[in-house]
Amino acid sequence: MKKHSCGFNESIYRIALRIPRGKVATYGQLAAMSGNPRAARAVGAAMQNAPEYMEIPCHRVVSSTGKLAPQYAFGGEDKQRALLASEGVVFKENGTIDLKKSLWRP
DNA sequence: AATTTGACAGCGA
DNA sequence: GTCGCTGCCAAAT
């Protein structure tokens with residue numbers, strides 16, 4: 001046994017991996033599931049630190065407003081949008097995610 | 001050990 | 001309906 005990263009991050013990764021394909025979860029939602037409904041920002045930080053070998057679908061994690069991550073996060077919102085759409089996520093005309101239909105429901 | 005940053009969320013004008 | 005500011009948490013430097 002050894003100390004991996006901090007427990008908080010671990011919880012976030014664990015939940016993020018539970019997000020089914022075709023659905024998306026908000027940072028605040030992951031935060032609430034990990035036990036800190038106010039740690040939405042910490043979730044974002046955790047995602048940024050998320051090791052690639054974990055294969056975390058961070059592209060399925062979006063803001064509560066249905067807005068996607070900034071350009072520097074995935075190489076372009078357009079890219080993330082196409083990827084999510086490819087998985088079955090429903091988007092609105094304005095390019096934001098339709099959380100009404102694609103929000104992950106545990 | 002302390003300070004600053006950050007891929008947010010919620011409320012108000 | 002759009003735009004901006006504040007508040008919260010944890011990690012990294």
Side-chain angles (χ1 to χ4, degrees):
Chain A
M1 303 320 259
K2 49 206 204 52
K3 58 209 185 139
H4 286 145
S5 302
C6 307
F8 186 81
N9 249 314
E10 191 180 310
S11 297
I12 297 300
Y13 300 146
R14 193 166 168 181
I15 298 165
L17 289 166
R18 291 182 194 171
I19 303 174
R21 178 173 164 286
K23 294 277 183 178
V24 295
T26 68
Y27 296 97
Q29 187 171 356
L30 294 178
M33 287 172 141
S34 77
N36 298 322
R38 301 275 150 87
R41 303 185 77 157
V43 174
M47 289 282 118
Q48 189 172 35
N49 276 300
E52 296 179 18
Y53 60 80
M54 267 185 160
E55 296 184 43
I56 297 178
C58 20
H59 56 268
R60 290 180 192 158
V61 184
V62 298
S63 65
S64 63
T65 59
K67 187 87 168 157
L68 300 177
Q71 295 79 357
Y72 47 84
F74 293 98
E77 298 172 8
D78 177 70
K79 176 129 181 151
Q80 185 180 1
R81 179 170 51 179
L83 182 59
L84 289 170
S86 180
E87 295 193 339
V89 176
V90 181
F91 281 82
K92 299 174 84 173
E93 299 304 318
N94 62 340
T96 54
I97 295 177
D98 191 341
L99 296 174
K100 187 77 175 215
K101 299 176 181 175
S102 297
L103 179 61
W104 175 39
R105 239 158 193 240

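FYI, side chains are in, hydrogens and waters are out, and symmetry mates aren't considered; it's all heavy atoms of this structure. Here is the naming used below: chain letters follow the sequence lines, and residue numbers restart at 1 for every chain.
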(request) Determine yes or no for a side-chain-to-main-chain donor-acceptor pair under 3.5 angstrom, with A:Gln29 supplying the side chain and A:Trp104 the backbone. (result) yes
(request) Take the protein atom CZ of A:Phe8 and the nucleotide atom P of C:dC9, then report the distance between them rounded to whole Å. (result) 10 Å
(request) Round to the nearest Å and state the distance from A:Glu10 atom CD to C:dA11 atom C1'. (result) 15 Å
(request) Could you identify which residues of residues 19-32 of chain A place a heavy atom less than 4.0 Å from some atom of DNA chain C, listed by residue number, or say none? (result) none
(message) For a 4.5 angstrom cut-off between non-hydrogen side-chain atoms, does A:Leu84 reach A:Phe91?
(response) yes
(request) Identify whether A:Phe74 and A:Val62 are in the same connected component of the hydrophobic contact network (ILVMFWY, side-chain heavy atoms under 4.5 Å). (result) no
(request) Answer yes when A:Glu87 and A:Arg60 have at least one side-chain N-carboxylate O distance shorter than 4.0 Å, and no when they do not. (result) yes
(message) Judged by each residue's nearest nucleotide on DNA chain B, which is more toward the 5′ side, A:Ala45 or A:Ala40?
(response) A:Ala45
(message) For chain A and DNA chain B, what are the first and last nucleotides along the strand, 5' to 3', with at least one atom under 4.0 angstrom from a heavy atom of the protein chain?
(response) B:dG6 to B:dG10
(message) Can you tell me if A:Asn49 touches the phosphate of C:dA12, counting only side-chain N or O atoms and a distance under 4.0 Å to OP1 or OP2?
(response) yes
(message) Test your reading of the model: is there a side-chain donor-acceptor pair from A:Lys23 to the backbone of A:Lys101, 3.5 Å cut-off?
(response) yes
(message) Is there a path of hydrophobic side-chain contacts, each under 4.5 Å between heavy atoms of I/L/V/M/F/W/Y residues, joining A:Met47 to A:Phe8?
(response) yes
(message) Taking the nucleotide of DNA chain C with the nearest heavy atom to each, does A:Arg41 or A:Asn36 sit closer to the 5' end?
(response) A:Arg41
(request) Round to a whole Å and report the spacing from NZ of A:Lys67 to C1' of C:dC3. (result) 13 Å
(request) Can you establish whether the number of heavy atoms outside A:Arg18 located under 6.0 Å from its atom CZ is more than 12? (result) yes
(message) Can a donor-acceptor pair be found, under 3.5 Å and without considering hydrogens, that links the side chain of A:Glu77 to the backbone of A:Pro70?
(response) no
(request) With heavy atoms under 4.0 Å as the rule, sort A:Ala42 into base, sugar-phosphate or nothing. (result) base
(request) Taking A:Ser102 for its side chain and A:Val90 for its backbone only, find out whether a donor-acceptor pair lies under 3.5 Å. (result) yes
(request) Could you tell me whether A:Phe74 contacts a base, only the sugar-phosphate backbone, or nothing, with contacts defined as non-hydrogen atoms closer than 4.0 Å? (result) base
(request) Give the dot-bracket string for DNA chain C, reading 5' to 3', where a pair is Watson-Crick or G-U wobble with both distances under 3.5 Å, ( ) marks pairs inside the strand, [ ] marks pairs crossing earlier ones, | marks a partner on another strand, and . marks unpaired. (result) .||||||.|||||
(message) Quick check: is A:Leu17 connected to A:Tyr27 through a chain of hydrophobic side chains (ILVMFWY, heavy atoms under 4.5 Å apart)?
(response) yes
(message) Whether the A:Asn36 and A:Ser34 side chains hold a donor-acceptor pair (N or O, under 3.5 Å, no angle test) is what I'd like checked.
(response) no
